[in-house]
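Taking it in order: structure first as structure tokens, then the write-up.
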Amino acid sequence: MTQVSVRSTSTLKGLRCRECGEAYPAEARHVCEFCFGPLEAVYDYDAIRALTTRESIAAGPHSIWRYRNFLPVTGEQVIDVGTGMTPLIRSHRLARQLGLKALYIKNDAVNAPSLSFKDRVVSVALTRARELGFTTVSCASTGNLANSTAAIAAQAGLECYIFIPSDLEAGKVLGTLVYGPQVMAVEGNYDQVNRLCSEVADRHGWGFVNINLRPYYSEGSKTLGFEVAEQLGWQLPDHVVAPIASGSLFTKIHKGFQELIKVGLVEDKPVRMSGAQATGCSPVSQAFREGRDFISPVKPSTIAKSIAIGNPADGVYAIDLARKTNGNIEDVSDAEIIEGIKLLAQTEGIFTETAGGTTIAVLKKLCEQGKIRPDETTVVYITGNGLKTQEAISPYVGEPLHIDASLESFERALERSRTLERLEWQQTSV
Amino acid sequence: MSVTVLIPGALRKLTNDSPTLECTGANIAEVIDALDRSCPGIKARLCGENGELRRFVNFYVNSEDIRFLQGRETQLHDGDEVSIVPAIAGG
């Protein structure tokens with residue numbers, strides 16, 4: 001085990017069971033021995049408050065590490081590959097279509113290095129893995145986490161093993177292999193991959209970012225809350241719409257807001273939290289709709305593979321949060337997801353993957369149902385990049401016009417395309 | 001029925017660090033009782049005071065979640081593999 005020098009100003013105090021409150025040291029463990037509840041990082045908030053001002057954050061790196069006082073690491077050296085500080089874009093054309101006056105898009109489709117929000121959680125998890133002495137890291141993934149873990153492990157010089165379901169999109173498999181990890185494509189769905197990895201984690205001494213490093217990993221998602229607050233001029237939004245897979249991202253965005261309130265960096269105000277699922281894998285929205293406080297697992301069947309978790313670990317917390325904040329959890333069909341991808345691309349110039357299509361489609365649905373008021377400052381979280389899930393959308397985006405390299409051929413094609421456009425317009429207006 | 005039970009890290013203090021245990025029982029409920037006889041205290045970790053499985057505990061029989069089978073009444077056969085797995089985040 002390598003010794004990592006500990007920072008004198010570390011704010012991490014340890015881990016605590018979210019269910020029964022049992023305390024544990026800040027080791028590689030994720031489950032309470034007494035009740036199986038998930039463990040969460042505990043901080044010294046007085047120390048954070050003393051160390052942190054808006055100015056000290058602004059003077060920090062242009063990455064998630066400007067918020068390091070809120071992150072569960074203790075060493076001097078963090079893995080900073082430029083993750084975070086992605087654009088928060090004021091939407092005009094999509095907002096107008098949806099009838100919203102203040103819609104913002106948090107665009108993690110352009111996160112670094114691997115084009116999804118997972119770079120946030122992995123940067124934190126691998127920094128902590130190194131502090132805890134791990135030289136081999138691993139994960140179970142629906143794709144984005146695999147890309148990110150493989151990329152950042154390569155940069156940090158850590159050995160890497162990746163477990164994915166065997167039916168993942170080609171872009172996500174290639175976008176993992178290129179970094180040189182050992183990839184295991186498991187015959188089965190994500191929940192089965194996860195079960196296998198849980199058993200592997202118990203047997204081999206590896207740092208699994210989403211298993212034994214989960215208490216550190218999951219905290220990385222809080223930076224999605226911190227950044228939005230800072231980018232809104234140190235104010236919280238009124239309403240958030242974000243995807244729900246395991247439910248971790250959804251709950252941690254809100255935890256980020258709460259921590260900023262706790263240390264006095266933003267004014268306290270309620271933020272409504274609304275979640276998005278694909279109908280083909282919607283155990284959380286089903287439970288929300290039926291008023292249940294437990295999740296019945298499902299077998300996923302949807303094009304939104306990155307959020308196809310049938311047995312979501314933090315699902316009960318996501319339901320609780322949506323209810324407590326007067327939000328909603330909705331689901332949409334695969335056809336609506338494709339329309340959501342196209343809507344975002346054609347109104348805002350952002351090409352998102354199926355999870356983002358799900359989130360946009362749910363945003364639209366909630367607007368149509370009157371569940372988002374037009375004057376609410378609303379932030380929609382786009383968590384992944386469309387180039388990774390091309391199979392899902394390729395039959396629905398049309399074809400280029402093939403022409404010869406002559407003006408005549410071009411003019412003919414142009415005339416034809418204008419006629420087609422007119423016909424389309426006439427059809428839709430009838 | 002004689003089955004093999006995979007024990008997660010979080011419970012191995014109770015099994016003398018053993019990662020697997022051989023056990024007999026006609027269904028999951030009986031296996032949990034049998035586990036508790038050989039490793040006293042293990043049932044209280046898996047089940048709440050009402051006797052129901054805790055919400056963050058997952059049981060699998062030959063890789064299938066028992067909630068897709070008959071829950072604690074899921075019938076077992078000789079040689080079945082029963083895994084106990086804590087809930088996992090990720091994606």
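The sequence lines fix the lettering, A, B, ..., with proteins before strands; numbering per chain opens at 1.
Here B/Phe56 and A/Tyr317 bring their ring centres to under 6.0 angstrom of each other.
Neither the backbone nor the side chain of B/Pro19 comes within less than 4.5 Å of any heavy atom of chain A. Only the side chain of A/Glu199 comes within contact range of chain B, judged by heavy atoms closer than 4.5 Å. When heavy atoms are compared at a cutoff of 4.5 Å, A/Asp293 approaches chain B solely by way of its backbone atoms N, CA, C and O. For chain A, the nearby part of B/Leu46 is the side chain; its heavy atoms alone come within less than 4.5 Å. Contact annotation for A/Phe294: neither backbone nor side-chain heavy atoms come within less than 4.5 Å of a heavy atom of chain B. Using a 4.5 Å cut-off between heavy atoms, A/Leu196 does not touch chain B at all. When heavy atoms are compared at a cutoff of 4.5 Å, A/Lys299 approaches chain B by way of both its backbone and its side chain. Using a 4.5 Å cut-off between heavy atoms, B/Leu53 makes no contact with chain A at all. Using a 4.5 Å cut-off between heavy atoms, A/Val298 touches chain B through its backbone atoms (N, CA, C, O) alone. For a residue to count as touching a neighbouring chain, one of its non-hydrogen atoms must lie under 4.5 Å from one of that chain's; by this rule A/Arg214 touches chain B with the side chain only.
Going from atom CD of A/Glu40 over to atom CD of A/Glu19 covers 10.5 Å, rounded to the nearest 0.5 Å. Within the model, atoms CG of B/Leu6 and CG of B/Leu11 stand 12.0 Å from one another, a figure rounded to the nearest 0.5 Å.
Side chain to side chain, A/Asn147 and A/Ser114 fail the donor-acceptor criterion of an N or O pair below 3.5 Å. Judged by distance alone, the side chains of A/Asp314 and A/Ser246 never bring a donor and an acceptor atom under 3.5 Å apart.
Between A/Trp206 and A/Tyr161, the angle of the ring planes stays under 30°, which puts this pair in the parallel group of the 30/60° scheme.
Counting non-hydrogen atoms of other residues, nucleotides and ligands closer than 6.0 Å to CD of B/Glu22 gives a total above 12. Residue A/Arg16 qualifies as open at atom CZ: its count of foreign heavy atoms under 6.0 Å is 12 or below. When the shell of 6.0 Å around CZ of A/Arg203 is examined, it contains 12 or fewer heavy atoms from other residues, nucleotides or ligands.
The candidate from A/Ser218, A/Pro38, A/Cys32, A/Gly310 with the greatest count of non-hydrogen atom pairs under 4.5 Å with chain B is A/Pro38. Ranked by heavy-atom pairs under 4.5 Å with chain B, the list A/Pro297, A/Ala201, A/Ser198 is led by A/Pro297.
Residue pairs meeting the side chain to side chain donor-acceptor pair (under 3.5 Å) criterion with at least one member in residues 23-38 of chain B, sequence neighbours excluded: B/Asp33-B/Lys43.
Screening A/Ile307, A/Leu249, A/Thr359, A/Thr358 for a side chain to side chain contact (heavy atoms under 4.5 Å, CB included) with A/Thr383, the sole residue that qualifies is A/Leu249.
Counting only heavy atoms from C-beta outward, the side chains of A/Ser138 and A/Cys197 never approach each other to under 4.5 Å.
Along residues 63-82 of chain B, the residues that come nearer than 4.5 angstrom to chain A, judged on non-hydrogen atoms, are B/Ser63, B/Glu64, B/Asp65, B/Arg67, B/Phe68 in order of number.
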